[in-house]
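This report refers to the structure that appears directly beneath it.
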Amino acid sequence: MDFLSYFISGISLGSIYAIIALGYTMVYGIAKMLNFAHGDVIMVGGYMSFMATTNFGWPPLLSVLFAMVVCTVLGILIEQLAYKPLRAAPSLAVLITAIGVSYFLQNAALLIWSANPKSFSSIVPFDSLRLFGGKLIISGTTIVTIIVCIVIISALNTIVNKTKVGKAMRAVSEDKDAAQLMGVSVNKTISITFAIGSALAAIAGVLLCSAYPILMPTTGAMPGIKAFTAAVFGGIGSIPGAFLGGILLGIIEILGKAYVSTQLSDAIVFAVLIIILLVKPTGLLGKKVLVKV
Amino acid sequence: MLNVTGIQVFYDNIHAIKDVSFHVDEGEIVTLIGANGAGKSTILKTISGLIRPAAGKIEFLGHSIVNLSPHKIVRKRLAHCPEGRRLFLQMNVRENLQMGAYSREDVDMEAELAAVYERFPILDERRNQRAGSLSGGEQQMLAMGRAMMAKPLLLMLDEPSMGLAPILVEQIFDLIVELNDAGTTILLVEQNAEMALSIADRGYVLETGSVVTTGNCADLLNDERLKKAYLGG
Ligand SMILES: Nc1ncnc2c1ncn2[C@@H]1O[C@H](COP(=O)(O)OP(=O)(O)OP(=O)(O)O)[C@@H](O)[C@H]1O
Ligand SMILES: [Mg+2]
């Protein structure tokens with residue numbers, strides 16, 4: 001029964017990683033850049049929801065919407081101000097800029113909210129689920145997190161495969177010039193991608209803080225790195241890959257903590273990543289492009 | 001219809017296009033021929049907006065298009081079918097065709113897909129297959145079909161016969177003539193100079209970034225110097 005309980009916690013934590021990893025992987029697929037500030041957008045989402053509930057007294061759902069709106073605008077602004085001027089620059093310059101944006105967000109948060117941790121109360125109002133005569137307890141937050149992740153992945157799948165915007169995204173991700181020749185605006189497509197990724201980061205931020213209720217300016221940093229790992233693990237640029245990578249990473253982390261060592265759990269996560277990449281350098285679901293003459 | 005005047009194009013410090021001027025009139029097939037590296041593809045990319053010229057004018061239907069982004073240029077019904085086809089290999093055949101019509105509004109998608117499938121029945125059979133899994137010839141048909149979906153007034157084709165078996169080359173050239181008869185003006189870039197000159201009205205011969213000869217195709221086909229250089233004697 002313990003195992004089942006750990007396993008479910010793992011899926012729940014993995015769901016959060018997956019939601020964050022989707023943002024990383026979509027931006028990478030379309031803009032071909034690693035947005036290292038993505039993790040800090042999560043933290044901003046957490047603070048927005050915290051402010052909305054604590055300071056303004058708004059209901060939980062409204063606070064999530066508020067966080068999503070603010071993060072969407074923030075994501076678009078980051079792209080327009082920091083990354084767009086570097087569209088033609090070497091990727092190293094873009095990477096360093098992304099790290100700069102990350103520190104900027106953390107320090108701005110430090111200035112606004114100070115380093116004192118805020119204790120976040122879960123936005124999920126449901127009681128825990130008790131199964132097997134109380135031997136297995138699953139918290140409301142855990143259940144909601146898993147459901148939200150499933151809803152998000154299905155919605156994204158529909159957007160990417162069925163809508164015109166989604167086709168434009170896939171076209172840009174595969175061949176930017178050819179996409180432009182079809183009439184796709186690359187700038188607009190990149191903006192939309194940042195908007196979607198940042199809105200997802202806001203949701204992830206709220207879920208993360210609901211599960212691990214300590215909110216600080218550095219709250220997004222580690223989950224950001226883990227989710228980036230998950231994206232690479234699943235095959236960066238692949239949406240199903242980000243989902244799979246996130247879930248697996250969450251499970252490995254929680255089981256590692258439970259059965260091996262609390263201190264070593266992160267090391268185990270990264271060791272598994274290294275092994276997977278040695279065996280399959282493109283990640284679990286990474287694409288191999290077929291070329292024919 | 002298309003007027004290109006004195007364009008200069010650089011890749012860093014390589015001067016790829018040196019003061020090139022030419023024009024295409026409505027209803028014509030005009031071909032640009034020249035050896036590898038003469039600058040044919042660069043000219044098409046400059047017209048479709050993928051590359052900015054350092055100097056010169058490009059007018060389409062009387063309006064300058066020289067500083068427009070590629071996605072705005074294609075909305076003016078000027079389509080560019082690039083060298084090497086550049087299909088979306090991860091998408092299926094049907095999605096590639098739909099992408100062809102991306103720049104148009106109010107498209108009756110099913111009717112237009114049906115028209116392409118009628119022209120290329122093999123694409124109908126393979127419509128749910130990934131473009132990357134098609135043979136080279138099928139991929140070229142898909143590229144042509146995708147260009148048809150854009151319903152352009154002027155269609156620029158960059159080496160549509162590249163790497164194809166002779167029978168397929170024939171088929172592609174027939175289609176180009178047919179599209180032209182149906183009202184599409186064509187700017188055709190080819191290494192297969194003889195074929196290109198046989199269907200075109202006029203031609204321009206490029207050498208290292210400059211136009212060296214121009215004229216009616218009949219005259220070009222009889223030009224002694226051209227015969228030696230491009231037409232195999
Ligand atoms: N991206 C690039 N960067 C630098 N130089 C380039 C680039 N693309 C083309 N060139 C150079 O510009 C010149 C013209 O190239 P272009 O591709 O336009 O020739 P082409 O006539 O289309 O040749 P081909 O028949 O081989 O397709 C060549 O000297 C080529 O090496
Ligand atoms: Mg070329």
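Heavy-atom basis, side chains included; hydrogens, waters and symmetry copies ignored. By convention in this document, chain letters (A, B, ...) are assigned in the order of the sequence lines, proteins followed by strands, and residues within each chain are numbered from 1.
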Fill in: Residues from residues 101-111 of chain B approaching chain A under 4.5 Å (heavy atoms)
Y102(B), S103(B), R104(B)
Worksheet item: Pairs in or reaching into residues 41-50 of chain B: which pass side-chain hydrogen bond (donor to acceptor under 3.5 Å, both in side chains), with residues at least two apart or in two chains?
Response: Y11(B)-T42(B), S41(B)-E83(B), S41(B)-D158(B), S48(B)-H80(B)
Discussion item. For a quick test of reading the model, state the closest non-hydrogen atom pair linking A171(A) to M91(B) and the distance between them.
Written reply: N-CE, 3.4 Å
Worksheet entry | Residue pair M182(A), F88(B): steps toward the side-chain contact (heavy atoms from CB on, under 4.5 Å) verdict | CA-CA 11 Å; M182(A) 300 298 117; F88(B) 302 109; 3.9 Å; yes
Discussion item. Please enumerate all residues that pass salt bridge (Lys or Arg N to Asp or Glu O under 4.0 Å) together with D124(B), with sequence neighbours excluded.
Written reply: R127(B)
Worksheet entry | Residue of the set L50(B), V74(B), I73(B) for which side-chain contact (heavy atoms from CB on, under 4.5 Å) holds with Q180(A) | L50(B)
Fill in: Residue pairs involving residues 27-50 of chain B (criterion ring-ring contact (aromatic ring centres under 6.0 Å, His included); sequence neighbours excluded)
none
Discussion item. Evaluate M99(B) against V184(A) for side-chain contact (heavy atoms from CB on, under 4.5 Å), listing each step before the verdict.
Written reply: CA-CA 9 Å; M99(B) 281 309 294; V184(A) 176; 3.7 Å; yes
Discussion item. Within a 6.0 Å radius of atom NZ on K32(A), are there more than 12 heavy atoms belonging to other residues, nucleotides or ligands?
Written reply: yes
Worksheet item: After noting the C-alpha distance and the side-chain angles of D175(A) and R86(B), does the key distance pass the side-chain contact (heavy atoms from CB on, under 4.5 Å) rule?
Response: CA-CA 8 Å; D175(A) 187 334; R86(B) 307 288 284 269; 2.6 Å; yes
Worksheet item: Any idea which of Q140(B), E95(B), M149(B) has the most non-hydrogen atom pairs under 4.5 angstrom with chain A?
Response: E95(B)
Discussion item. Nearest 0.5 angstrom please: Q90(B) CD to R170(A) CZ, how far?
Written reply: 9.0 Å
Practice prompt. Evaluate whether atom CZ of F270(A) has more than 12 neighbouring non-hydrogen atoms of other residues, nucleotides or ligands under 6.0 angstrom away.
Written response: yes
Worksheet item: With a 4.5 angstrom heavy-atom cut-off, which part of L87(B) approaches chain A: side chain, backbone, both or neither?
Response: backbone
Discussion item. Would you say that more than 12 heavy atoms from the other residues, nucleotides or ligands in this model lie under 6.0 Å from the CD of Q80(A), or not?
Written reply: yes
Worksheet item: If you draw a 6.0 Å radius around CD1 in I167(B), do more than 12 non-hydrogen atoms from other residues or ligands fall strictly inside?
Response: no
Worksheet entry | F36(A), CZ: over 12 other non-hydrogen atoms inside 6.0 angstrom | yes
Worksheet entry | Part of N187(A) within contact of chain B (heavy atom distance under 4.5 Å) | neither
Worksheet item: Do side-chain atoms of E174(A) reach the backbone of L89(B) as a donor and acceptor pair under 3.5 angstrom?
Response: yes
Item to complete: Walk me through it: do Q98(B) and K164(A) pass the test side-chain contact (heavy atoms from CB on, under 4.5 Å)?
Response: CA-CA 9 Å; Q98(B) 288 170 335; K164(A) 196 169 174 181; over 6 Å; no
